[in-house]
2 protein chains.
Amino acid sequence: MATGRTHRPATRSRGIPEATVARLPLYLRALTALSERSVPTVSSEELAAAAGVNSAKLRKDFSYLGSYGTRGVGYDVEYLVYQISRELGLTQDWPVVIVGIGNLGAALANYGGFASRGFRVAALIDADPAMAGKPVAGIAVQHTDELEKIIHDNGVSIGVIATPAGAAQQVCDRLVSYGVTSILNFAPTVLSVPEGVDVRKVDLSIELQILAFHEQRKAGEEASSQDAAQPVAPPVRPAPAAGTEDGHDDSDRKGPDGDVPAVMPA
Amino acid sequence: MATGRTHRPATRSRGIPEATVARLPLYLRALTALSERSVPTVSSEELAAAAGVNSAKLRKDFSYLGSYGTRGVGYDVEYLVYQISRELGLTQDWPVVIVGIGNLGAALANYGGFASRGFRVAALIDADPAMAGKPVAGIAVQHTDELEKIIHDNGVSIGVIATPAGAAQQVCDRLVSYGVTSILNFAPTVLSVPEGVDVRKVDLSIELQILAFHEQRKAGEEASSQDAAQPVAPPVRPAPAAGTEDGHDDSDRKGPDGDVPAVMPA
DNA sequence: ATGTCTTTGTGAACGCGTGCACAAAGATGG
DNA sequence: CCATCTTTGTGCACGCGTTCACAAAGACAT
């Protein structure tokens, strides 16, 4: 959840805590839903429930933006939608390039949540020449060679990486060199970027592993004794040290579950 | 990055901080890569660099698992891989169902990172009868009606929701009623679940919005004055609230509530 | 106006997470 | 066996984020 790369140097931006910024989109979504139902005002309690957070937290979050509420009444929905949108920078147009048009890239291109929030897919890029020209989500896929021109012509500052892990760093470097300063990374790799470039990562596998941890804990509490066989590796030895001979087995180089997925971002 | 729903009641599990749990998969990936290169041991410094974190943090994280390192040497890669896998519950098989086989669902089904981490796609579910039987990622899509039987027969405890927002809560309720206790939600909605059920959410739009915020800030620091026109909503009024008496009844509130609230309440 | 009721905005306390800095532990070499 | 060097494991301090609890502010009724 966090800017994986660079530790938090300028975490705090202009008085608005990072944790609060991360929740603003959540509030915005809830407010938008209310707006569509023509609800004029909401209390912090109601809105908090809709957004799934604590009401005190919500009020404190809003207090960083200013005093936009009316005591005894609540918040004006339309006004708040505008204020949050402005704070998040959604009142302007953000051209975005998506690199790596596999299953995931295509899903992203088709994702409706982008356009409705001020994001515009400026181009779909893929390294495979066979993909070039092929329409995905109504946009013709372009080859990587076009990347620089596209970024310059459209003033793209946000890039989405949906390539396999092996290509991610290379793609990232190119994006950055062409002027992209914010990257959303779906490839399961740690990206290295220069100072000033923001990286956020979404890793499907990691999310599942975290769930598995809690799931195991839940199961373990009920029945402390193991019930499931352990089909994976055996207990392995803790390495007693002594004469170190590396030696055996090296046939497993790129073999099994290599991080390089044949299909998609693994 | 958090269990959207239920506040954090049992955040701390068994002495292992949630923040540490969230990083374990990261370490595991880095260690797996080292393992494939037959590297026998790593220092906290090296591993930390590979995982993109601080070495002190990494050592402290590992200290929650136990003393698995050797001073003056480092950590045994294979052993650590096993220990972390076991801690995360990856030494056992986790059958998973994916509900909603659209672009995103298909991408998830094809995602290689699952199988390599102990997760097995037990079934692909879609509400569209036309999808039934259609093979995706080598697995035939099944209709929602089969959900209960599939979950029971396979002992599924983890479900992935990749449906449109409108259907998410309903799908969630069904999964939970059939015994699923961990949910990975890709739909842009706040899910309500009973106590004891874990929910993690991945929201593509939110990630982009957070990036936009920082991007705007970066741009704003260089040129404080705005350069882009505001194509979205105008400044709107902050809600007058009538301090004094307004001569006539001002009905300049929202337009008539003729708006169609056709959208799902969710 | 005045009183009551609702809801915001925030001061303050608390807990978690992070990072520093160092002592302890073990390897390694003589 | 002793000296030295490397690297872990952790005590401690600090800062961020969360939550409580309440005074202030305004709406509303009388």
Side-chain angles (χ1 to χ4, degrees), chain A residues 1-4 6-13 15-24 27 40-49 51-77 79-80 83 238-244, chain B residues 1-3 6-13 15-24 27 40-49 51-76 79-80 83 238-246:
Chain A
M1 72 218 37
T3 309
T6 317
H7 319 298
R8 43 237 46 181
T11 304
R12 182 66 55 89
S13 64
I16 301 183
E18 184 62 23
T20 294
V21 172
R23 281 188 293 268
L24 290 182
Y27 302 143
T41 61
V42 269
S43 67
S44 62
E45 205 69 50
E46 294 169 321
L47 186 55
V53 302
N54 184 298
S55 69
K57 192 187 297 185
L58 179 143
R59 286 198 300 276
K60 178 145 288 189
D61 283 342
F62 285 174
S63 76
Y64 292 116
L65 307 183
S67 285
Y68 295 150
T70 303
R71 302 183 188 221
V73 177
Y75 299 91
D76 182 280
V77 173
Y79 186 58
L80 204 47
Q83 289 299 342
T244 22
Chain B
M1 62 178 88
T3 309
T6 316
H7 318 298
R8 44 238 47 175
T11 305
R12 182 67 56 89
S13 64
I16 301 183
E18 186 61 24
T20 294
V21 172
R23 280 188 294 268
L24 289 182
Y27 302 143
T41 62
V42 268
S43 66
S44 63
E45 204 70 50
E46 295 169 319
L47 185 55
V53 303
N54 183 298
S55 69
K57 192 187 299 185
L58 178 143
R59 287 198 298 277
K60 179 148 293 191
D61 282 342
F62 285 175
S63 76
Y64 291 116
L65 307 182
S67 285
Y68 295 150
T70 304
R71 302 182 188 223
V73 177
Y75 299 91
D76 181 278
Y79 187 59
L80 204 48
Q83 289 300 342
T244 59
E245 82 301 283
D246 251 357

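Basis for what follows: all heavy atoms, side chains included, without hydrogens, waters or symmetry-related copies. Sequence lines set the chain letters: A, B, ... in the order given, protein chains first and strands last, and positions in each chain run from 1.
Here the side chain of Asn54(B) is nearest to one of dA21(D), dC20(C), dG17(C), namely dC20(C). Here the side chain of Ser63(B) is nearest to one of dT8(D), dT10(D), dT8(C), namely dT10(D). The Ala56(A) side chain lies nearest to dA21(D) when the options are dG17(D), dT10(D), dA21(D).
A straight line from CG of Leu80(A) to P of dT8(C) spans 11 Å, rounded to a whole angstrom. Here the C1' atom of nucleotide dT7(C) and the CG atom of Asp76(A) are 15 Å apart, to the nearest Å. Look at CD on Glu18(B): it is 12 Å from C1' on dC16(C), rounded to the nearest Å. Atom NZ in Lys57(A) sits roughly 17 Å away from atom P in dT8(C) (whole-Å rounding). Summarising the geometry, the separation between OH on Tyr27(B) and C1' on dT8(D) is reported as 14 Å, rounded to the nearest angstrom. Per the geometry, CG belonging to Leu47(B) stands 14 Å off P belonging to dT7(D), to the nearest Å. The nearest whole Å value for the distance from the OH atom in Tyr64(A) to the P atom in dC16(D) is 10 Å. In this structure, CZ of Arg59(A) is placed 16 Å from P of dA24(D), rounded to the nearest angstrom.
Between Leu24(B) and Leu65(B), the closest side-chain pair of non-hydrogen atoms falls below 4.5 Å. For the pair Asp76(A) and Thr70(A), the minimum side-chain heavy-atom distance is 4.5 Å or more.
Contact between the side-chain N/O atoms of Arg23(B) and the OP1/OP2 oxygens of dT18(C) is found at a separation under 4.0 Å. Between Ser44(B) and the phosphate of dT7(D), there is no side-chain N or O to OP1/OP2 separation shorter than 4.0 Å. Close to dG9(D), at under 4.0 Å from its OP1 or OP2, lies a side-chain N or O of Tyr75(B).
Judged by distance alone, with hydrogens and angles left aside, Arg71(B) brings no side-chain donor or acceptor close enough to the base of dT7(D) to form a pair under 3.5 Å. With hydrogens and angles left out, the side chain of Lys60(A) and the base of dT18(D) share no donor-acceptor pair within 3.5 Å.
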Report the C-alpha distance between Phe62(B) and Tyr68(B) in whole Å, list the side-chain angles of each, state the deciding distance to 0.1 Å, and finish with yes or no for ring-ring contact (aromatic ring centres under 6.0 Å, His included).
-> CA-CA 8 Å; Phe62(B) 285 175; Tyr68(B) 295 150; 8.4 Å; no
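Rounding to the nearest 0.5 Å gives a distance of 15.5 Å between OH of Tyr79(B) and OG1 of Thr41(B).
Positionally, the nearest nucleotide of DNA chain C for Asp61(A) lies more toward the 5' end than for the other of Val73(B) and Asp61(A).
Nucleic acid contact for Phe62(A): none, since no nucleic acid atom lies under 4.0 Å from a heavy atom of the residue.
The shortest heavy-atom contact between Ser55(A) and Ala48(A) is CA-CB, 3.5 Å.
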